[in-house]
2 protein chains.
Amino acid sequence: MANENINYDTQEVLPSVGVVGSGSFATAIVKMLVQNSKLVHWCVRNEYVKGAIERRGHNPSYLTAVNFNLENLQLTTDINEVVSACDIIVLATPSIYLSDAMDGLSCDYKGKVFVSAIKGIVPKVNDVVAHYLRNEFSIGFKCQGVIAGPCHAEEVAMERLSYLTIAAADEEVKAKLIRLFSSNFINVHSSSDILGNEYSAILKNIYAIGAGIASGLGYGDNFTAVFVSNAIREMETFLEGIYEAPRDVNESAYLGDLLVTAYSLFSRNRSLGNLIGKGYTVKSAIQSMNMIAEGYYAAQSIYNTAREKNLHTPMIDTIYKILYENKNPEKEFEKLTLVLN
Amino acid sequence: MANENINYDTQEVLPSVGVVGSGSFATAIVKMLVQNSKLVHWCVRNEYVKGAIERRGHNPSYLTAVNFNLENLQLTTDINEVVSACDIIVLATPSIYLSDAMDGLSCDYKGKVFVSAIKGIVPKVNDVVAHYLRNEFSIGFKCQGVIAGPCHAEEVAMERLSYLTIAAADEEVKAKLIRLFSSNFINVHSSSDILGNEYSAILKNIYAIGAGIASGLGYGDNFTAVFVSNAIREMETFLEGIYEAPRDVNESAYLGDLLVTAYSLFSRNRSLGNLIGKGYTVKSAIQSMNMIAEGYYAAQSIYNTAREKNLHTPMIDTIYKILYENKNPEKEFEKLTLVLN
């Protein structure tokens with residue numbers, strides 16, 4: 001099957017690649033991959049989505065302006081078809097649906113590489129994707145990758161220059177992923193910090209909710225800047241507490257991703273926080289959004305992890321208490337302002 | 001004279017304080033100081049501004065919504081009156097007008113503390129304010145302070161919570177400044193890194209021009225996040241090259257100030273860059289703005305310093321070439337995108 005996948009420009013044989021998921025980031029990833037790959041296998045959520053893409057040439061619900069050449073897509077709703085056909089499988093479902101997708105896996109996946117583009121906690125195991133794949137499916141870190149970096153799907157759709165960081169433990173895997181994703185609008189850099197990249201992508205969603213709450217409460221740009229510069233320091237503390245590694249949190253995969261999420265109007269996590277800051281209850285704020293704000297689900301698990309590891313994370317604690325303990329956002333933020341600097 | 005200045009709440013005797021300058025940040029500083037000081041000496045640019053403030057109770061040109069109680073102000077156009085009357089003098093002119101103001105200084109200023117709220121290069125000596133005061137006026141670092149931090153004047157005017165960092169070498173000076181500036185909408189933190197704070201406040205204006213150029217050229221949020229996370233790393237390189245000191249560039253005075261300037265709609269440096277990115281010539285972009293974009297003037301001096309010290313600063317170099325060597329923004333940014341990560 002690998003021979004079907006020849007790069008148009010270089011005639012180079014690329015690994016066969018598939019994507020699981022049909023939300024906005026999954027759709028953006030398929031768009032990135034068809035730049036280089038003749039055929040991308042795509043496991044979408046259900047027959048309706050599959051049929052709609054086949055008829056219209058675009059995802060019916062997300063990034064509808066991205067039109068695909070159907071010759072480049074092998075659509076399915078069965079994860080086994082994608083895993084069987086591909087060397088590399090990119091997982092890009094919302095984190096809460098990952099276990100639904102993976103539970104259907106019955107084919108042989110030994111030696112296949114699973115790359116997570118998911119930025120959240122897997123509720124079933126209350127853990128990050130890297131640990132879930134290793135513990136539940138015996139997929140070792142050598143067969144894993146993480147896609148990180150400031151990369152709003154909406155801008156990928158518009159082919160605006162974006163930078164991805166691809167983390168993998170195995171150098172050969174890393175090189176393959178760089179070749180698959182690099183294009184005229186995607187610059188790819190590599191990292192070996194799988195867990196750090198995965199956790200930072202999760203943490204930044206929680207901080208973005210916090211930045212949104214602040215904005216909703218009426219705090220201004222001066223405060224947001226202080227909030228974000230405290231957040232990157234708290235993130236560094238958390239990452240060092242979880243997994244020590246040589247890393248510079250000011251690299252794009254960490255700080256850049258935090259910035260795009262905390263500052264961008266595209267950010268659903270920031271939007272969720274904004275509604276809560278403006279006085280919506282948490283429940284009604286979640287219900288009013290038709291996209292999943294990963295940071296909400298992640299906050300509980302990350303808070304518990306910080307407590308277990310005895311880490312000093314006043315910002316995560318504040319956001320957790322507002323989201324899960326019904327604490328008053330105004331009062332909690334007043335207390336928080338006293339410990340920021 | 002010092003006895004006139006008693007804190008309303010604590011009855012504590014505060015040092016007598018004056019401000020030189022009548023732009024937006026100077027006006028914001030006077031607003032901060034009148035929270036604690038019964039009388040603030042204020043040297044404004046000319047008789048028109050003085051008369052207008054006396055008649056209307058607010059600055060006629062900047063932060064016009066900020067109304068002062070005239071009993072709290074001792075207005076003058078003579079810097080000697082302020083310096084003679086005060087223990088602490090805050091310099092808050094645009095950098096290009098500082099030497100005009102200081103050239104008028106003829107009174108004895110020995111032992112007085114001069115605090116720079118200026119975020120730019122003094123053109124007359126092509127150097128930062130701290131060096132200018134030391135070299136031209138023999139005002140040693142012990143008698144100096146720097147006000148830094150993410151603090152748009154417009155938000156101070158609205159009393160939105162802001163954080164200042166005050167850098168001073170002398171601990172007693174630092175303590176006095178913290179007491180003068182702290183209020184219910186200003187949180188003050190202290191630092192000993194005078195030069196680092198001064199240079200970072202200058203550099204961030206240059207990077208904000210760059211962020212504006214990128215935006216004007218059509219780059220999106222994903223790229224801006226990468227740009228800013230590269231900028232903070234380049235800033236760290238520059239600061240270490242200029243003056244080694246124990247500092248965390250992710251503190252609010254460095255990263256926070258960069259963020260507020262690079263992301264905020266209030267930022268005149270970002271606006272200047274945006275016009276240039278959209279195709280205005282540098283000259284016409286400058287002429288179309290009625291406020292001074294400090295980063296433009298600073299870029300030349302900072303570029304030269306980076307070259308003298310042989311520092312790797314591709315972002316500063318790119319912005320300099322667009323501003324001063326008439327290089328094409330689109331082409332220069334295309335080259336820059338290849339070295340960012």
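Numbered from 1 within each chain, the chains take letters A, B, ... in sequence-line order. No hydrogens, no waters, no symmetry mates; every other heavy atom, side chains included, goes into these values.
- The candidate with the highest count of non-hydrogen atom pairs below 4.5 Å against chain B, out of A:Ile232, A:Leu161, A:Leu259, A:Asn250, is A:Asn250.
- Surrounding CD of B:Glu334 are more than 12 heavy atoms belonging to other residues, nucleotides or ligands, all under 6.0 Å away.
- Between the side chain of B:Asp221 and the backbone N or O of A:Val260 there is no donor-acceptor pair closer than 3.5 Å.
- In this structure, chain B has no heavy atom under 4.5 Å from any part of A:Val188.
- Residues A:Pro150 and B:Val226 approach most closely at CG-CG2, 3.5 Å, considering heavy atoms.
- Summarising the geometry of A:Asn187 relative to B:Thr337, their closest heavy-atom pair is ND2-O, 3.3 Å, with the distance given to 0.1 Å.
- Only the side chain of B:Tyr263 comes within contact range of chain A, with heavy atoms under 4.5 Å apart.
- Counting heavy-atom pairs closer than 4.5 Å to chain B, the top-ranked of the candidates A:Glu236, A:Met158, A:Arg233 is A:Arg233.
- By number of non-hydrogen pairs under 4.5 angstrom with chain B, the leading residue of A:Ser252, A:Gly218, A:Gly256 is A:Ser252.
- Only the side chain of B:Asp248 comes within contact range of chain A, with at least one heavy atom under 4.5 Å from a heavy atom of that chain.
- Looking at B:Tyr163, its side chain never comes within 3.5 Å of a backbone N or O of A:Phe227 through a donor-acceptor pair.
- Contact annotation for B:Leu340: both backbone and side-chain heavy atoms come within less than 4.5 Å of a heavy atom of chain A.
- Contacts with chain A were tallied for B:Glu155, B:Arg160, B:Glu154; B:Glu155 has the most, counting heavy-atom pairs under 4.5 Å.
- Both the backbone and the side chain of B:His152 come within contact range of chain A, with heavy atoms under 4.5 Å apart.
- Side chain of A:Ser229 to backbone of B:Glu251: no donor-acceptor contact under 3.5 angstrom is found.
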